[in-house]
Amino acid sequence: MSKHNIKPSWASVDPSALGETTSLHHVPNLVNGKWTDASEKMTIPNPLRKSGPPIYTLANTKSEELKPFIESLNRVSKSGVHNPLKNVSRYLDYGEISRKAGNELMQPDVAEFFTQCIMKCVPKGHDQAMGEVKVTAAFLNNFGGDNVRFLARDFGVPGNHDGQKSVGYRWPYGPVAIIAPFNFPLEIPALQLMGALFMGNKPVLKPTEKCTIVMEQFIRLLHHCGMPMDDCDFLNCEGPVAGELLSRAPVRMTQFTGSTRVAELLSTQTRGKVKIEDAGFDWKILGPDVSDVDYVAWQCDQDAYATSGQKCSAQSILFLHENWAKVGILDKIKVLASRRKLDDLSVGPVLTVTTEQILGHVKKLLRIPGAQLLFGGKELENHDIPKEYGAVEPTAVFVPLEQMLKEEHFSACTTELFAPFQVVTKYTDLSIDGVLEACERISHHLTAAVVSNDVKFQNKILANTVNGTTYVGMRARTTGAPQNHWFGPCGDPRGCGIGTKEAIQMVWSGHREIINDEIVPENW
């Protein structure tokens, strides 16, 4: 099937029409098993062509329209829709739903359908968008068959006397909420949604308005694969309205992926009943041993600038040992970055920061003594990107390590832009402790990379840092959130993971202990 004519039987939109016609697709809500609308609509502009038609509209739910969502969540008990002692057949049902959905996503036409939907909302290269689909398909396949019920495996411990035994269970929360980001409009919300459903919860999903159409289509796919219509709700609204729902409905746990500002607001609003994966100012350290220079340069370019830097795992700061500077790695990264073009979306719109804000931050850093612009620092040429978005060339600013560590500069040097931008600094064997000081002072600890095969150097860095997903070795990267390993922050008790059995169990269930004590001795 051609990518210009892709619409599976269960889908409600042809992605090739998005942003190309004035007859706009409308994304509704889903509540109580029915697709419904709101009194107002929100229009999403074309992120690549401000002069072109918008890409779609969506229900702009208002506070007074939340009652059906509150009622839906109120109907779910604290013990969940299923648990290890109730409705256990649903574990098998979701194993089959997951198997069918994974198989569907592996079909070339369906994979291309979702790839095109993603690219219309979050303009990124075809390989980056298709990567989301492949990871989601692999995740679904991983949990086909019996693996959903294996998530709820219990364990027992013998008691103090005959007839006594304690059993530990994984227990759902019941009504839960998922607030999803824009940058991975399929992978992140799909994996968290399925984890919530696997463990027996009833989730309400609130995606980012800019890309909600992707999860609308994924939910329609799940219905096609056998998911009951009322197993999850789907809410389109602005942030404050979602916050009101969390206050008025009996939401027992909220999973949030997004900005630190919103994460802190939710932590307060939910009184700590939240699991978060927020900002990631992610570091990469190039160790003293130099090899495979071309490969390492390529990986640095990918980590910093793929998807226009709009990954929570993007390389935000590069600490390079002087040995790497001597072999010209920065020149190689500059050449690779210069090849990125809007035409193939290897660089594209920045959806949360404007051009003015990005270039203003660059100017601020360049006022630091010794700082210099390595490359970039300019607006993209000949673009039609809306002014509310950013449009800048891949950019790198060098800041001397000793200046960066100064109190008056450190905050600016470690501010995450979520754009094609990175800070670069250099160190020597004598200043490695300054690098570790910087890693300690950075406030968020999501991903990191230690590019070195020197075991002593690896151990020094790993032993003194905390990032939750850390890659080590000459192929180390900061980006990469596949389904085969834990992805999430460390160092914060609210931190959540994604993708693995352990992540699902930790985020979407709690521990419940039941002690059986059944035999009363004759001579008690």
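Hydrogens, waters and symmetry mates play no part in the numbers below; they use all other heavy atoms, side chains included. This structure is a prediction, so every number in the text was calculated from the model and none was measured. Start at 1 with the first residue, then count along the sequence.
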Task: Qualifying residues under side-chain contact (heavy atoms from CB on, under 4.5 Å), relative to Lys326, sequence neighbours excluded - done: Glu322, Asn323

TODO: Using modelled atom types only, decide if a donor and an acceptor are shared between the side chain of Thr469 and the backbone of Gly488 within a distance under 3.5 Å.
DONE: yes

Open item on the list: Please report the interatomic distance OG1(Thr355) to CG(Leu380), rounded to the nearest 0.5 Å.
Closed with: 7.5 Å

Task: Asp492 side chain reached by His445 side chain, heavy atoms, under 4.5 Å - done: no

Open item on the list: Minimum heavy-atom separation for Val350 and Pro420, please, with both atom names.
Closed with: CG2-CD, 3.6 Å

TODO: Considering non-hydrogen atoms only, spot the tightest contact between Pro53 and Gly19 and give its length.
DONE: CD-O, 3.4 Å

Open item on the list: For the backbone of Thr43 and the side chain of Thr57, can you confirm whether one donor and one acceptor N or O come within less than 3.5 Å of each other?
Closed with: no

TODO: Could you tell me whether Lys501 sits above the aromatic face of Phe143, with NZ or CZ closer than 6.0 angstrom to the six-membered ring centre and within 45 degrees of the axis?
DONE: no

- [ ] Would you please test Leu221 and Leu105 for side chain to side chain contact (heavy atoms under 4.5 Å, CB included) and show each step?
- [x] CA-CA 9 Å; Leu221 167 61; Leu105 276 186; 4.1 Å; yes

Open item on the list: Can a side-chain donor-acceptor contact be found between Thr395 and Glu393 if the only test is distance below 3.5 angstrom?
Closed with: no

Task: Result of checking Asn141, Ile498, Asn142 against Gln483 for side-chain contact (heavy atoms from CB on, under 4.5 Å) - done: Asn142

Open item on the list: Within the structure provided, determine whether Cys439 and Ile285 are in side-chain contact (heavy-atom separation under 4.5 Å).
Closed with: yes

TODO: Would you check if Phe319 and Met404 make a side-chain contact, meaning some heavy-atom pair closer than 4.5 Å?
DONE: yes

Open item on the list: Do Tyr389 and Lys50 have side chains that approach each other closer than 4.5 Å (heavy atoms only, starting at C-beta)?
Closed with: no

Task: Modelled atom types, side-chain donor and acceptor of Thr465 and Asn467, under 3.5 Å - done: no

Task: Verdict with reasoning, Trp324 to Lys426, per side chain to side chain contact (heavy atoms under 4.5 Å, CB included) - done: CA-CA 9 Å; Trp324 288 91; Lys426 187 169 63 174; over 6 Å; no

Open item on the list: For the CZ atom on Arg441, are there more than 12 heavy atoms of other groups (residues, nucleotides or ligands in this structure) within a distance under 6.0 Å?
Closed with: yes

- [ ] List the atom of Leu417, the atom of Val353, and the distance in Å for their closest heavy-atom pair.
- [x] O-CG2, 3.0 Å

Open item on the list: Heavy-atom count check: over 12 atoms from other residues, nucleotides or ligands less than 6.0 Å from Glu440 CD?
Closed with: no

Task: Gln217 side, atom CD; Cys117 side, atom SG - distance, nearest 0.5 Å - done: 5.5 Å

Open item on the list: Using a 6.0 Å cut-off, check whether atom CE of Met106 has over 12 heavy atoms from anything other than its own residue.
Closed with: no

Open item on the list: Do His126 and Thr115 have side chains that approach each other closer than 4.5 Å (heavy atoms only, starting at C-beta)?
Closed with: yes

Task: Min side-chain heavy-atom separation Phe421-Val397 under 4.5 Å - done: yes

- [ ] Evaluate the ring planes of His485 and Tyr471, with Trp represented by its six-membered ring, and classify them as parallel (under 30°), tilted (30 to 60°) or perpendicular (over 60°).
- [x] perpendicular

TODO: Look at the side chain of Asn201 and the backbone N and O of Pro172, then say whether any donor-acceptor pair between them is shorter than 3.5 Å.
DONE: no

Task: Nearest heavy atoms of Leu446 and Cys312, plus distance in Å - done: CD2-O, 3.3 Å

Task: Spacing of Ser316 atom OG and Trp283 atom CH2 [to the nearest 0.5 Å] - done: 12.5 Å

Task: Short side-chain to backbone donor-acceptor contact, Gln458 and Ser452, under 3.5 Å - done: yes

- [ ] Going by the side chain to side chain donor-acceptor pair (under 3.5 Å) test, name the single residue among Thr447, Asp303, Thr478 that passes it with Lys284.
- [x] Asp303

Task: Backbone of Leu18 reached by a side-chain donor or acceptor of Lys120 within 3.5 Å - done: yes

- [ ] Could you tell me whether the side chain of Thr307 and the main chain of Gln310 form a donor-acceptor pair under 3.5 Å?
- [x] no

Open item on the list: Could you go through Trp298 and Leu336, starting from their C-alpha distance and side-chain angles, then the distance that decides it, and tell me whether this counts as side chain to side chain contact (heavy atoms under 4.5 Å, CB included)?
Closed with: CA-CA 7 Å; Trp298 172 83; Leu336 292 167; 4.2 Å; yes

Task: Least distance between heavy atoms, Met215 atom then Pro185 atom - done: CG-O, 3.5 Å

- [ ] Drop me the distance from Glu209's CD to Phe182's CZ, to the nearest 0.5 angstrom.
- [x] 12.0 Å

- [ ] Check the pair Glu216 / His25 against side chain to side chain contact (heavy atoms under 4.5 Å, CB included), numbers first and verdict last.
- [x] CA-CA 11 Å; Glu216 178 212 1; His25 173 76; 3.0 Å; yes

Task: Distance, nearest 0.5 Å, that separates NE2 of His409 from NZ of Lys364 - done: 11.0 Å

TODO: Might you point out which heavy atoms bring Tyr56 and Cys121 nearest each other, and give the distance in Å?
DONE: CE2-SG, 4.0 Å

Task: Side-chain H-bond candidate by donor/acceptor type, His444 with Asp282, under 3.5 Å - done: no

Task: Candidate list Asp433, Asp429, Asp454, test salt bridge (Lys or Arg N to Asp or Glu O under 4.0 Å), partner Lys460, passing option - done: Asp433

Task: Distance-only donor-acceptor check, side chains Gln269 and Ser247, under 3.5 Å - done: yes

- [ ] Say whether Glu132 and Gln128, considering side chains only, have a donor N or O and an acceptor N or O under 3.5 Å apart.
- [x] no

Task: Under 3.5 Å side-chain donor-acceptor pair for Lys275 and Gln192 - done: no

Task: Salt-bridge criterion met for Glu356 and Lys363 (N-O under 4.0 Å) - done: no

Task: Separation between CD1 of Ile385 and CG of Leu48, rounded to the nearest 0.5 Å - done: 6.5 Å

Task: Test item: Phe418 and Asn183 side chains (from C-beta on) under 4.5 Å apart, heavy atoms - done: yes

TODO: With the side chain counted from C-beta on, respond yes when Ile333 and Leu374 share a heavy-atom pair under 4.5 Å apart, and no when they do not.
DONE: no

Task: Donor-acceptor under 3.5 Å (Thr208 side chain, Ala180 main chain) - done: yes

Open item on the list: Against Tyr427, only a single residue in Leu436, Leu286, Leu320, Val435 fulfils side-chain contact (heavy atoms from CB on, under 4.5 Å); can you say which?
Closed with: Val435

TODO: Please say whether more than 12 non-hydrogen atoms of neighbouring residues, nucleotides or ligands are located less than 6.0 Å from CD in Glu407.
DONE: no

TODO: Give a yes or no on whether the backbone of Thr428 and the side-chain of Ser431 come within a donor-acceptor separation of less than 3.5 Å.
DONE: yes

- [ ] Please answer whether the main-chain N or O of Ser411 pairs with a side-chain N or O of Thr415 as donor and acceptor at a distance below 3.5 Å.
- [x] yes

Task: salt bridge (charged side-chain N to carboxylate O under 4.0 Å, His left out) contacts touching residues 331-342 (sequence neighbours left out) - done: Asp294-Lys332, Asp301-Arg340

Task: Partner residues of Gln505 under the side chain to side chain donor-acceptor pair (under 3.5 Å) criterion, sequence neighbours left out - done: none

